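None of the values given here were measured: they were computed from a predicted structure. Just follow the structure's listing: the first ligand is 1, and inside any ligand the first atom is 1. Sequential numbering from 1 along the given sequence is applied to the chain's residues.
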Amino acid sequence: MSKDQPGIHELYAKDPVEAEKLLWDREAEPSRRGFLKRSSLLAMASALGASIPYARFMPLGLIPAGLAHADEPFSIEGKDGLKVLNDRPLNAETPAHLLDDEVTPARHMFVRNNGIPPALETLDAANWKLEIAGESCVTPMTFTVAELKSRFKHHTYQLVVECGGNGRSEFVPAASGNQWSVGAVACPTFTGVRLRDVLEACGIKKDAVYIGYYGADAHPSGDPSKHAISRGVPMAKALEDQTLIAWAMNDQPIPYLNGRPLRLVCGGWPASTSGKWLSKIVVRNKVHDGNKMAAPSYSVPKYPVAPGSEVPVEDMQIIESMPVKSLITFPKSGVSLPLAQSVQVRGHAWAGDLEVSEVHVSTDFGVTWQPAKLKAPVNRLAWQHWSAELNFSEKGYYEVWARAVDNQGRSQPMLVPGWNPKGYLNNACHRIAIQIV
Ligand SMILES: Nc1nc2c(c(=O)[nH]1)N[C@H]1C(S)=C(S)[C@@H](COP(=O)(O)O)O[C@H]1N2
Ligand SMILES: [Mo]
């Protein structure tokens, strides 16, 4: 995942437009016909269960048919069971049944990279610095991680981090971008300091309206003047109790691919606002204008549009809080269970900045629904756990559907909601298959 991106740099130098197109196509690629680098050969061989005698002749980027046609995902260091959608940049999601834990373990947290992550050797918390600046910052300052830890109070929250494009694969016509199914979401605990405390220590000018972040990853072109992504949130979100500059995830250093040694976490908002490998935060007197802030990135039409429409960028607005959603994490879709045994189903539900007030489940394609038991969140912006006991009176194929409702009465739709050009915000009900035998 590091610097070796043969081809793309050269192409960028010659024809940046063509290079962007190529990267875009790669990103749009539905699955793992992707591009593997040679250092993945070892992982590949172990996944195949055999060495590859002619490895030296393998075209760069070829994924062995033995893997491409198998259901087994190839491995990513520190991750377990993730499905790779794209490996340059690396994007991998978590199958729903691996999100069953109440607190998502690091090995099951999805990965969404917009660029080239910094080399692991450079991510040393002892030497890392975070700069706070911007035209609406009174006194720009730089903090080491040790200074952040010693100067400000520590806070731990369990926070939902969900990619704005989670669920994109269900849009018709297809939207370009990673074809996430349901697994670009996680809810680990994060420990760090409040962004508010740090910004207040530097002073926030009256005209501040937005913050923006910068991370240490490189733009896919390798061009040092560009950032892979640099997004932000309005001041009100930035100053919330739960918005953290975090150094730990589940009481461990943040995993490499999830932003070690520091990341911003803005729970409940598109995870693109939670900057990884965080090196700088700017306080802005206007909406931040970093890479991927402007429409159509992370923006949706201001009014409903017909599927497939072209929407002028001035008719689009930036996504803020994510919509209500739920997952069925147990049992795994496709299980066979004996008749005459009641079936426990469970999962999580979340609603952006809001709380979930109800979850309902159906086993008859939505004709009837029964309420699930729903727990309160451990803290604001954490997902909530639900469970239900189901009874089946005859053998056959069933689907379990789950539908959550937020505390403002908004429900998950059964069908994929509002088509939008980039395929964001699909919060349609999750369904799993159960065979009663
Ligand atoms: N520096 C940096 N931060 C980033 C990104 C990135 O590519 N670089 N991707 C963003 C997006 S689009 C998402 S969905 C989340 C993914 O977080 P994860 O990879 O830890 O799951 O990180 C966000 N923060
Ligand atoms: Mo994302």
Worksheet item: Quick one: do D100 and K332 make a salt bridge, cutoff under 4.0 Å?
Response: no
Item to complete: Let me know which of V103, I254, T191 forms a side-chain contact (heavy atoms from CB on, under 4.5 Å) with M249.
Response: I254
Worksheet item: Going by atom types only, do K79 and N258 share a side-chain donor-acceptor pair under 3.5 Å?
Response: yes
Output, or 'none' if empty, a list of ligand 1-protein atom pairs in which both atoms are N or O and the distance is under 3.5 Å, rounded to 0.1 Å.
{"residue": "ligand 1", "atom": "1 (N)", "partner": "D217", "partner atom": "OD1", "Å": "3.0"}
{"residue": "ligand 1", "atom": "1 (N)", "partner": "D217", "partner atom": "OD2", "Å": "3.4"}
{"residue": "ligand 1", "atom": "1 (N)", "partner": "K276", "partner atom": "O", "Å": "3.0"}
{"residue": "ligand 1", "atom": "3 (N)", "partner": "K276", "partner atom": "N", "Å": "2.9"}
{"residue": "ligand 1", "atom": "7 (O)", "partner": "N114", "partner atom": "N", "Å": "2.7"}
{"residue": "ligand 1", "atom": "7 (O)", "partner": "N114", "partner atom": "ND2", "Å": "3.0"}
{"residue": "ligand 1", "atom": "8 (N)", "partner": "D217", "partner atom": "OD2", "Å": "2.6"}
{"residue": "ligand 1", "atom": "9 (N)", "partner": "R112", "partner atom": "O", "Å": "3.3"}
{"residue": "ligand 1", "atom": "9 (N)", "partner": "N114", "partner atom": "ND2", "Å": "3.0"}
{"residue": "ligand 1", "atom": "17 (O)", "partner": "R263", "partner atom": "NH2", "Å": "3.1"}
{"residue": "ligand 1", "atom": "19 (O)", "partner": "R112", "partner atom": "N", "Å": "2.9"}
{"residue": "ligand 1", "atom": "19 (O)", "partner": "K276", "partner atom": "NZ", "Å": "2.5"}
{"residue": "ligand 1", "atom": "20 (O)", "partner": "N258", "partner atom": "ND2", "Å": "2.8"}
{"residue": "ligand 1", "atom": "20 (O)", "partner": "R263", "partner atom": "NH1", "Å": "2.7"}
{"residue": "ligand 1", "atom": "21 (O)", "partner": "F110", "partner atom": "O", "Å": "2.6"}
{"residue": "ligand 1", "atom": "22 (O)", "partner": "R263", "partner atom": "NH2", "Å": "3.3"}
{"residue": "ligand 1", "atom": "24 (N)", "partner": "S274", "partner atom": "O", "Å": "3.0"}

Discussion item. Less than 4.0 angstrom from a charged side-chain N to a carboxylate O is my criterion; do K237 and D353 meet it?
Written reply: yes
Discussion item. Would S136 and D207 count as a side chain to side chain donor-acceptor pair (under 3.5 Å) here? Give the steps.
Written reply: CA-CA 7 Å; S136 293; D207 65 353; 2.8 Å; yes
Item to complete: Might you confirm whether atom CZ of R431 has over 12 heavy atoms from other residues, nucleotides or ligands at distances under 6.0 Å?
Response: no
